[in-house]
Amino acid sequence: MAWTKYQIILGVVMVITGSLNTLTTKWADKLSAAGSDGVVRQFDHPFLQSSTMFLGEIYCLLAFKLILFYQIYKQRQGNSYEESTATRGNQEFNPMIFLPPALCDMVATSLMYIGLNLTHASSFQMLRGSVIVFVALLSMAFLERQLVWKHWTGISLIVLGLFLVGWADIMHSGQDTDINGTITGDLLIIMAQIITAMQMVYEEKYVNSKDINPLQAVGWEGTFGFLALALLHIPFYYWKVPPPFSNNSRGTLEDIPDAFVQMSNNKLIIVALIGTVVSIAFFNFAGISVTKELSATTRMVLDSVRTLIIWAVSLALSWQEFHLLQVLGFFFLIQGMCVYNDLLPSFASLRRRLRNDEDPLISQPPDQP
């Protein structure tokens, strides 16, 4: 089936904004500015960056409310009322059901941003593919889902791809400290995928069956995640941690005043953070719309496309070096995802198709009486 113009636009927006989200976050990590102690450092504030991501998700809820209020206004004016797909869904639910997944999202995002600061942007995006492995295992335990041979084959290919990507990162690092930091970053990203898998399994078991509008779901999770992280910024300000988990003027887990001083001394950091907020809002909207208009499988394929874009841009900007192992790792990751999601034709279907092509009588329907 051919895509409509609207579906093509959604796909392009999803790929571009999804790529920008990772690239702007990594760009902010690479920018330097004087902190509150006058020392010039790179912008290392992953928890503040997590807050900007949740702020972008809150905009999805704001967009939902604005569209809904506009529809109500048109209805009160006596105009014909037609419910938009952007607001369609169950409104009778307790928003507190989004607190557990929001907390999972908060922890996972913070870990990923810490890891992103220690490793490469392309590796960050590729390693996020490991979430399929953990979702499959947790689904067996909590959703009583049975895995067949294609699932185990896909998982095996994904694990092989992850190993190659991680090994390529180690080969990129020239010093022992860089190797340790890179390995730590990669492990943190994989740990974050375990928590993300817990979030997905929870949502499938307790949220998806309630037919809640996706924009509302993303917006409520962003609201709870933003509020929870805002409270955690207080103890994080006093929590002393060693490098590489701290690179601010006070040597603490997070230092918001130091972040704002760096932002005022280098306005490009503000541009990068605004890029994160805007891109995550449009990416969530486009991703949800792609799932509704096309399928979740199409969304997964487009997500792989943005991995290629992030990789290409990182190479072009000399943020990392080219390594053949990463190419092989990405290949096995994509193959594993395709096998797991049944995107590749099976040998049996290929044999049937070839047999039908060779014998036209087989492919023709029988004569009707």
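Quick caveat: nothing in here was measured; it's all calculated off a predicted structure.
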Below 3.5 Å, can you tabulate the donor-acceptor pairs from side chains in residues 127-136 to any protein atom, sequence neighbours excluded?
| residue | atom | partner | partner atom | Å |
| --- | --- | --- | --- | --- |
| Ser130 | OG | Leu127 | O | 2.8 |

Can you name the nearest heavy-atom pair linking [X] to [Y], along with the distance?
{"X": "Pro46", "Y": "Ile114", "result": "CG-CG1, 3.5 Å"}
{"X": "Glu203", "Y": "Pro101", "result": "OE2-CB, 3.8 Å"}
{"X": "Phe54", "Y": "Ala102", "result": "CZ-O, 4.4 Å"}
{"X": "Ala192", "Y": "Met112", "result": "CB-CG, 3.3 Å"}
{"X": "Ser32", "Y": "Asn266", "result": "O-ND2, 2.9 Å"}
{"X": "Glu57", "Y": "Gly222", "result": "OE1-CA, 3.3 Å"}

Carefully, step by step, assess Ile195 and Leu111 under the rule side chain to side chain contact (heavy atoms under 4.5 Å, CB included).
CA-CA 10 Å; Ile195 301 173; Leu111 286 176; 3.8 Å; yes

[X] versus [Y]: any side-chain heavy-atom pair under 4.5 Å?
{"X": "Val241", "Y": "Thr252", "value": "no"}
{"X": "Ser246", "Y": "Leu253", "value": "no"}
{"X": "Phe330", "Y": "Leu308", "value": "yes"}
{"X": "Lys26", "Y": "Phe124", "value": "no"}
{"X": "Leu324", "Y": "Val327", "value": "yes"}
{"X": "Asp44", "Y": "Asp29", "value": "no"}
{"X": "Thr52", "Y": "Phe226", "value": "no"}

Who clusters with Val201? Use side-chain heavy atoms, under 4.5 angstrom, across I, L, V, M, F, W and Y, and order the result by chain and number.
Leu138, Phe142, Leu143, Met198

Assess the side chains of [X] and [Y]: does a donor N or O sit below 3.5 Å from an acceptor N or O?
{"X": "Asp258", "Y": "Asn248", "answer": "no"}
{"X": "Gln49", "Y": "Thr276", "answer": "no"}
{"X": "Trp311", "Y": "Gln326", "answer": "yes"}
{"X": "Ser51", "Y": "His233", "answer": "yes"}
{"X": "Thr109", "Y": "Ser50", "answer": "no"}

Same hydrophobic cluster for Ile270 and Leu48, using side-chain heavy-atom links shorter than 4.5 Å among ILVMFWY?
yes

Between [atom1] of [X] and [atom2] of [Y], what distance do you get to the nearest 0.5 Å?
{"X": "Tyr238", "Y": "Asp255", "atom1": "OH", "atom2": "CG", "value": "10.5 Å"}
{"X": "Met126", "Y": "Thr119", "atom1": "CE", "atom2": "OG1", "value": "10.5 Å"}
{"X": "Leu118", "Y": "Ile183", "atom1": "CG", "atom2": "CD1", "value": "11.5 Å"}

Hey, mind stepping through Tyr202 and Val207 against side chain to side chain contact (heavy atoms under 4.5 Å, CB included) and telling me if it holds?
CA-CA 7 Å; Tyr202 173 91; Val207 178; 4.1 Å; yes

Short question: side chain of Glu144, backbone of Met140 - any donor-acceptor pair under 3.5 Å?
no

Show your working on side chain to side chain contact (heavy atoms under 4.5 Å, CB included) between His120 and Ser314 and close with a plain yes or no.
CA-CA 8 Å; His120 308 291; Ser314 297; over 6 Å; no

Centroid-centroid under 6.0 Å between Phe43 and His45 rings
yes

Test side-chain hydrogen bond (donor to acceptor under 3.5 Å, both in side chains) on Ser36 and Ser249 and set out the steps.
CA-CA 6 Å; Ser36 54; Ser249 60; 2.7 Å; yes

Applying side chain to side chain contact (heavy atoms under 4.5 Å, CB included) to Thr223 and Leu227, what does each step give before you reach the verdict?
CA-CA 6 Å; Thr223 300; Leu227 293 176; 4.2 Å; yes

